[in-house]
Amino acid sequence: MADYTNLEKIRLEKAQQLKELGVDPYPRRVKRTHTIQKASDAFLAIEDDQEAEPVQAVLTGRIRSVRPMGKITFAHIEDGTGRIQLFFRADDIGEDQVSFFDDHYDLGDFIQASGKVFRTRSGEISLRISEYTMLAKAITPLPAAKDEVVDGEVVQHATLTDPETRYRQRYADLAVNPDVREVFRTRTKTIRAIQHFMDSKDFLEVETPVLQPIYGGAAAQPFITHHNQLKQDLYLRISFELYLKRLLVGGFERVYEIGRDFRNEGVSFKHNPEFTQMEFYWAYADYQDVMGLTEELFAFVVEEVMGAKSFTYKGQEISLDQPWQRVDLREGIIDTTGIDIHKYKTATGLAKAMKSLEMEFNPKAARGKLIENILDHYLEPTFIQPTFVYDYPREISPLAKTKEGDPNTVERFEGFMGGVELCNAFTEINDPVDQEERFLEMGRSYSEGEDEHHPLDEDYLRAMRYGMPPNGGFGMGVDRLVMLLADKHTIREVLLFPHLRETEK
RNA sequence: GGGCGUGUAGCUCAAUGGUAGAGCAGUGGCCUUUUAAGCCAUUGGUUGGGGGUUCGAGCCCCUCCACGCUCACCA
């Protein structure tokens with residue numbers, strides 16, 4: 001049984017009183033005739049017409065402020081479309097009905113209110129109440145003090161700000177912070193825009209297994225689960241890649257998927273154990289083609305969501321109105337650090353060069369990891385405007401085709417903006433023999449002291465042996481894109497229910 | 001996992017080692033066009049949990065928990 005606070009006990013008592021008076025505080029039926037927005041619009045349309053019938057409306061919403069003044073009471077209610085003031089007056093409904101409202105209704109309660117829309121002396125569009133009824137009694141007070149409306153804007157006073165409570169009780173956060181609701185509208189708009197764009201390019205949206213007997217397509221620890229009847233361990237997917245490419249073997253030329261990936265790893269401002277990914281695979285295309293499509297995709301999404309070809313992130317304007325900057329990874333590293341990675345063919349040599357420049361790195365890292373480390377720490381933060389970095393070391397890209405004449409470099413790029421990595425793409429390997437070797441290479445590098453082991457996906461290789469068209473693939477962290485567009489600096493602000501540690505009791 | 005920081009009333013925040021407070025919300029009054037309405041009165045606390053030092057701890061020490069920032073990790 002819940003442990004009620006004193007404030008909650010008072011409200012429970014009010015609910016009980018309603019029941020004793022024969023009023024159901026949680027009735028089954030509602031009769032709404034207008035949303036608040038529609039009622040206001042209807043009023044504005046006839047306001048100047050002396051002959052017009054007044055707007056009669058039955059509105060529903062949550063009580064957000066109350067001002068009792070003796071024989072009249074003002075209150076504001078809020079529905080999904082806006083706010084409106086309610087005006088209870090003894091001359092209209094009798095003193096008993098005004099004080100009944102004052103005595104039994106609280107901030108946060110859902111109410112149904114009927115009456116005429118009018119404008120008060122001070123000029124605010126309001127509903128002159130003729131009848132009202134409880135729709136849902138709120139027992140726990142919303143974690144907000146009060147708000148007022150200034151020039152149509154809701155100004156909040158001492159609302160909920162504690163991040164832990166906001167994430168653990170997102171329902172309360174949403175109920176009280178309209179800007180948080182707006183973030184999640186932006187999130188949905190972003191996903192819709194991606195779908196519209198991909199659909200318009202004849203990509204087929206598909207769904208592939210979340211429960212997989214073998215995980216792959218990325219280097220990450222999986223979550224493991226078990227199918228009882230089949231007596232089989234299964235993994236939650238860490239990527240969609242290997243399933244989507246099987247579809248290219250099957251004859252689909254352009255496929256994409258938007259969905260959840262699960263990685264059993266650290267939680268940070270840009271990592272959540274489950275996150276949303278978009279991947280596409282495009283037959284007969286290479287990574288240069290994918291770069292072009294990526295530019296178009298982002299330009300489209302930003303324009304759809306933001307209504308402009310640019311947006312502001314951390315105070316910096318990011319423009320999608322021109323081709324992205326293109327940086328060769330090797331040259332980028334030379335320009336920023338002076339190190340030419342081609343001159344250092346081993347991890348020890350490269351580490352030595354990094355050490356002489358007093359760069360920080362993990363001494364146990366392989367050469368490819370060191371290069372990635374340089375990219376992450378020294379180049380990535382400088383890529384504010386949209387930037388592609390291309391041509392990566394082979395050893396950190398086991399699914400990407402090598403460059404012609406350069407077996408140590410692969411046709412791969414990553415996209416950045418706002419100093420954040422957003423996407424990753426390459427010309428995909430479609431030679432089954434090459435792919436098997438690369439998998440084995442990967443297995444070896446992990447077995448050298450790493451706890452990560454990588455299962456070999458024989459079925460994926462079998463699929464490829466049937467013949468896979470040359471293709472370009474692309475993956476993008478959707479949460480991070482939403483972070484950019486909503487100008488939020490932690491992934492938790494763009495996840496409705498971010499993962500938090502369980503609390504005791 | 002490491003470092004730094006935070007945790008006080010429903011919410012937002014105060015409080016030299018010396019009686020735990022304020023605003024809002026709540027409760028009881030007054031008030032027929034208010035806008036965080038106003039005025040008078042008033043309730044509400046295991047100061048995140050546990051232990052210690054001290055005549056005395058919200059404050060100092062130890063420990064545990066949660067959250068935040070950050071580093072590490074993160075084809």
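To find a chain, count down the sequence lines: A is the first, B the second, and so on, and within it residues start at 1.
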What is the nucleic acid contact for [X], judged by heavy atoms within less than 4.0 Å: base, sugar-phosphate only, or nothing?
X	value
A/T120	base
A/D91	base
A/S122	base

Look at [X] and [N] and indicate whether a side-chain polar atom (N or O) is within less than 4.0 Å of OP1 or OP2.
X	N	value
A/H489	B/G68	no
A/T161	B/U12	yes
A/R67	B/U34	no
A/R501	B/A66	yes

Would you say [Y] and [X] are linked by a side-chain donor-acceptor pair, where the criterion is simply a distance under 3.5 Å?
X	Y	value
A/H499	A/E274	no
A/D106	A/H104	no
A/Y281	A/E241	yes
A/T208	A/E257	yes

[X] side chain, from C-beta outward: closest of [options]:
X	options	answer
A/H271	B/U35, B/C74, B/G26	B/C74
A/R168	B/A66, B/G10, B/U70	B/A66
A/F269	B/A72, B/U34, B/U70	B/U70
A/F87	B/U33, B/U34, B/U12	B/U33

Please state the [atom1] separation for the pair [N] and [M] - nearest whole angstrom.
N	M	atom1	result
B/A15	B/G58	C1'	9 Å
B/C64	B/G56	C1'	26 Å
B/C73	B/U16	P	42 Å

Where do N or O atoms of nucleotides 27-31 of chain B meet protein N or O atoms at under 3.5 Å, pair by pair?
| residue | atom | partner | partner atom | Å |
| --- | --- | --- | --- | --- |
| B/U27 | OP1 | A/K14 | NZ | 2.6 |
| B/C31 | N3 | A/G70 | N | 3.1 |
| B/C31 | N4 | A/G70 | N | 3.2 |

- Is the base of B/U33 touched by the side chain of A/E124 through a donor-acceptor pair closer than 3.5 angstrom?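 It does not, because no donor-acceptor pair links the side chain of A/E124 to the base of B/U33 below 3.5 Å.
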Quickly work out the [X] [atom1] to [N] [atom2] distance and round it to whole Å.
X	N	atom1	atom2	result
A/D261	B/C74	CG	C1'	14 Å
A/K270	B/C69	NZ	C1'	15 Å
A/Q277	B/C74	CD	P	18 Å

- Item | Which residues share a ring-ring contact (aromatic ring centres under 6.0 Å, His included) with A/F383, sequence neighbours left out |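 Counting only residues at least two positions away or on another chain, A/F383 forms a ring-ring contact (aromatic ring centres under 6.0 Å, His included) with A/F416.
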- Task: For A/F74, check ring-ring contact (aromatic ring centres under 6.0 Å, His included) against everything at least two apart and list the hits.
- Result: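 A/F87.
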Which nucleotide, in any strand shown, forms a Watson-Crick or G-U wobble pair with [N], with both distances under 3.5 Å?
N	value
B/U12	B/A22
B/G68	B/C4
B/U27	B/A41
B/C73	none
B/C59	none

- Query: ring pair (Phe, Tyr, Trp, His ring centres under 6.0 Å): which pairs involve residues 160-184 of chain A, sequence neighbours left out?
  - Reply: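 As it turns out, there is no ring pair (Phe, Tyr, Trp, His ring centres under 6.0 Å) pair with a partner in residues 160-184 of chain A once direct neighbours are skipped.
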Report all interatomic pairs (protein N or O, nucleotide N or O of nucleotides 43-49 of chain B) with separations under 3.5 Å.
none

- Item | Pairwise salt bridge (charged side-chain N to carboxylate O under 4.0 Å, His left out) hits with a residue in residues 407-430 of chain A, at least two apart |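 Passing the test, one end in residues 407-430 of chain A: A/K245-A/E428, A/R412-A/E414.
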